[in-house]
Protein chains: 2
Amino acid sequence: MRRPVESPPAKRRPAKPRRAAARVPAAKPYHHGDLRRVLIDAAMQLVGEGGPEAVSVREAARRAGVSPGAPFRHFPSRDALMNAVAEEAQRRFRAEIETALAEGPVDPLGRFRCLGIAYLRWALRNPTHFEVISTRRIFDHDRSAGVSSDNAELIALTERTLAEAFSAGQIGTADLKQVRIAGRALVYGFARMHIDGHLPRWGVAEAEAERMAAGIIDLFIAGLARGTSPAAKV
Amino acid sequence: MRRPVESPPAKRRPAKPRRAAARVPAAKPYHHGDLRRVLIDAAMQLVGEGGPEAVSVREAARRAGVSPGAPFRHFPSRDALMNAVAEEAQRRFRAEIETALAEGPVDPLGRFRCLGIAYLRWALRNPTHFEVISTRRIFDHDRSAGVSSDNAELIALTERTLAEAFSAGQIGTADLKQVRIAGRALVYGFARMHIDGHLPRWGVAEAEAERMAAGIIDLFIAGLARGTSPAAKV
DNA sequence: ACCTGAACACCGTTCAAGT
DNA sequence: ACCTGAACACCGTTCAAGT
């Protein structure tokens with residue numbers, strides 16, 4: 001958890017050019033301008049480099065070229081900073097899913113599939129950012145209005161899509177709550193297996209992760225769809 | 001990540017009774033006896049109380065009644081201590097699963113189901129210990145012979161069970177690798193949703209978590225089994 | 001052989017003082 | 001209004017010195 005000796009590349013403050021003879025009204029030799037934004041970006045970068053726990057307020061401050069105490073004028077705590085990072089990540093995540101859905105098929109079950117594929121696609125390509133928005137302790141979902149509303153939106157979307165698929169007779173099972181939780185557990189589990197480095201142990205190489213993701217989603221959906229036919233149980 | 005002011009209950013060294021007039025050969029007023037064991041137990045307890053990141057070497061030392069440097073005579077680093085904790089947890093996990101399996105049904109698909117139920121039962125009841133053995137960064141699986149061999153055993157068991165179920169005609173799909181990865185993603189995902197506090201958002205209360213776990217496992221298995229009947233695809 | 005206690009380099013966080 | 005810089009209480013880790 002604590003970095004022993006290594007400590008990241010740590011560009012020792014990039015010698016911020018300090019505008020010689022600052023008399024222009026827009027000059028900011030002391031005040032930073034938009035430190036809040038800069039700190040979030042620095043933290044996002046740190047997350048990308050070494051995962052959520054690689055974020056330290058001091059390192060973010062260093063990269064922003066300010067003193068260790070400065071960030072606390074904008075965020076009351078490290079957790080609050082992580083919160084802002086999570087909101088940023090969640091926004092990107094949701095945007096990509098909605099784009100995929102807009103370009104995808106129109107039948108409900110097809111949309112459900114598309115939802116799962118887009119979910120895993122983003123999670124597999126942005127593992128550290130995905131980790132930030134899903135791991136408790138890194139920040140508390142319930143304490144962030146932005147993240148949880150974005151998330152509730154996704155949950156509701158899943159719910160609607162499945163209900164439509166059922167009405168359209170594309171799904172056999174009646175217990176839709178169970179179906180959507182199983183579906184979510186499936187994709188979340190696969191995403192986390194990736195994050196937590198389990199996939200190699202299960203014989204899935206990095207390069208085939210996305211294909212496997214599609215495979216298990218289709219397997220799951222096939223299981224649901226088969227329930228439709230009057231085959232019942234022999 | 002860093003605890004600000006709170007700091008755990010922290011029994012300020014429990015005044016270890018120091019055996020008046022130590023002249024018995026077995027007396028250990030200075031040497032601890034089995035510090036290694038005591039440190040692991042303390043760390044296990046800390047994990048139980050506040051999750052993996054609540055473990056600090058210093059706090060474990062405090063609870064063991066030794067100085068901050070003492071643990072490093074037994075573990076080269078905090079990670080090594082976490083490793084020992086993970087091995088302990090993994091051993092308990094595996095033991096419980098094997099017990100359940102020994103008492104369970106004999107048909108392959110029934111055993112597969114039993115495997116999943118036992119997995120989630122333990123994970124739901126020991127969330128923090130489960131977190132230790134599954135989350136990367138807390139310790140690296142590949143660096144621990146004990147944990148990964150225990151784990152490989154479980155993977156192999158899943159593989160055998162599924163192969164038998166297929167041979168017995170209990171499963172329709174031929175792609176068994178896909179099936180076992182989907183199965184694992186399902187249970188791992190549900191376990192992590194619990195750990196990460198997602199379940200309430202999905203309408204699953206703590207009390208009904210185990211029932212829901214059984215529900216999604218059965219749903220998944222039903223999907224596999226239905227593929228068996230000659231109903232094919234209408 | 002094992003443990004102590006003081007060190008060192010890191011954190012998060014606070015706060016008076018500066019601009 | 002925003003930032004600095006020194007402080008404080010925590011870490012992990014090392015190491016001479018003690019038993």
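Every chain is numbered from 1 and lettered A, B, ... according to where its sequence line falls, protein lines coming before strand lines.
- Taking only side-chain atoms of B:Val57, from C-beta outward, the nucleotide of C:dT13, D:dG12, C:dC3 with the closest atom is D:dG12.
- Proximity of A:Arg62 to the phosphate of C:dC11: a side-chain N or O atom is located under 4.0 Å from OP1 or OP2.
- Partners of A:Arg160 by side chain to side chain donor-acceptor pair (under 3.5 Å), not counting sequence neighbours: none found.
- One atom, CZ of A:Phe72, and another, P of C:dA17, lie 21 Å apart when rounded to the nearest Å.
- B:His198 has its side chain within reach of A:Ser134: a pair of non-hydrogen atoms, C-beta onward, lies under 4.5 Å apart.
- Closest to the A:Ser67 side chain, of the nucleotides C:dG5, D:dT14, D:dC3, is D:dC3.
- Closest approach to the A:Arg58 side chain among D:dC3, C:dG12, C:dC3 is made by C:dG12 (side chain taken as heavy atoms from C-beta onward).
- Protein atom CG of B:Asp34 is 18 Å distant from nucleotide atom P of C:dA1, rounded to whole Å.
- Contact check, A:Arg73 against D:dC2: no side-chain N or O comes under 4.0 Å of OP1 or OP2.
- Across the protein-nucleic acid pair, B:Glu59 atom CD and D:dA9 atom C1' stand 14 Å apart, rounded to whole Å.
- Just one of A:Asp150, A:Asn151, A:Thr99 meets the side-chain hydrogen bond (donor to acceptor under 3.5 Å, both in side chains) condition when paired with A:Arg94; it is A:Asp150.
- Separating the CZ atom of B:Phe75 from the P atom of D:dG12 is a distance of 14 Å, rounded to the nearest angstrom.
- The pair A:Glu88-A:Arg37 counts as a salt bridge, with a side-chain nitrogen and a carboxylate oxygen less than 4.0 angstrom apart.
- In this structure, the side chain of A:Glu208 engages the main chain of A:Ala205 through a donor-acceptor pair within 3.5 Å.
- Taking atom CD of B:Glu53 as the reference point, atom C1' of D:dG12 lies 16 Å away to the nearest angstrom.
- One can place CG of A:Leu35 at 17 Å from P of D:dA1, the figure rounded to the nearest angstrom.
- Minimum atom distance to the side chain of B:Ala70 is reached by C:dT4, of the listed D:dG12, C:dT4, D:dT4.
- Computed from coordinates, the A:Arg78 CZ to D:dC10 C1' distance equals 15 Å when rounded to whole Å.
- Ring pair B:Phe220/B:Phe112 is tilted by interplanar angle, where 30° to 60° counts as tilted.
- In this entry the distance linking CZ of A:Arg36 with P of D:dC2 reads 12 Å, nearest Å.
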Where each pair must be Watson-Crick or G-U wobble with both distances under 3.5 Å, what dot-bracket representation of DNA chain C is obtained, with crossing pairs in [ ] and other-strand partners as |?
-> ||.|||||...|||||.||
For residues 181-197 of chain B, which side-chain donor-acceptor pairs fall under 3.5 Å, sequence neighbours excluded?
unit_1, atom_1, unit_2, atom_2, d
B:Arg184, NH1, B:Tyr119, OH, 3.0
B:Tyr188, OH, A:Asp196, OD2, 2.5
B:Arg192, NE, B:Asp196, OD2, 3.4
B:Arg192, NH1, B:Thr135, OG1, 2.9
B:His194, NE2, B:Glu206, OE2, 3.3
B:Asp196, OD1, A:Arg136, N, 3.4
B:Asp196, OD2, A:Tyr188, OH, 2.5

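- Checked against D:dT4, C:dT13, D:dG12, the side chain of B:Ser56 finds its nearest nucleotide in D:dG12.
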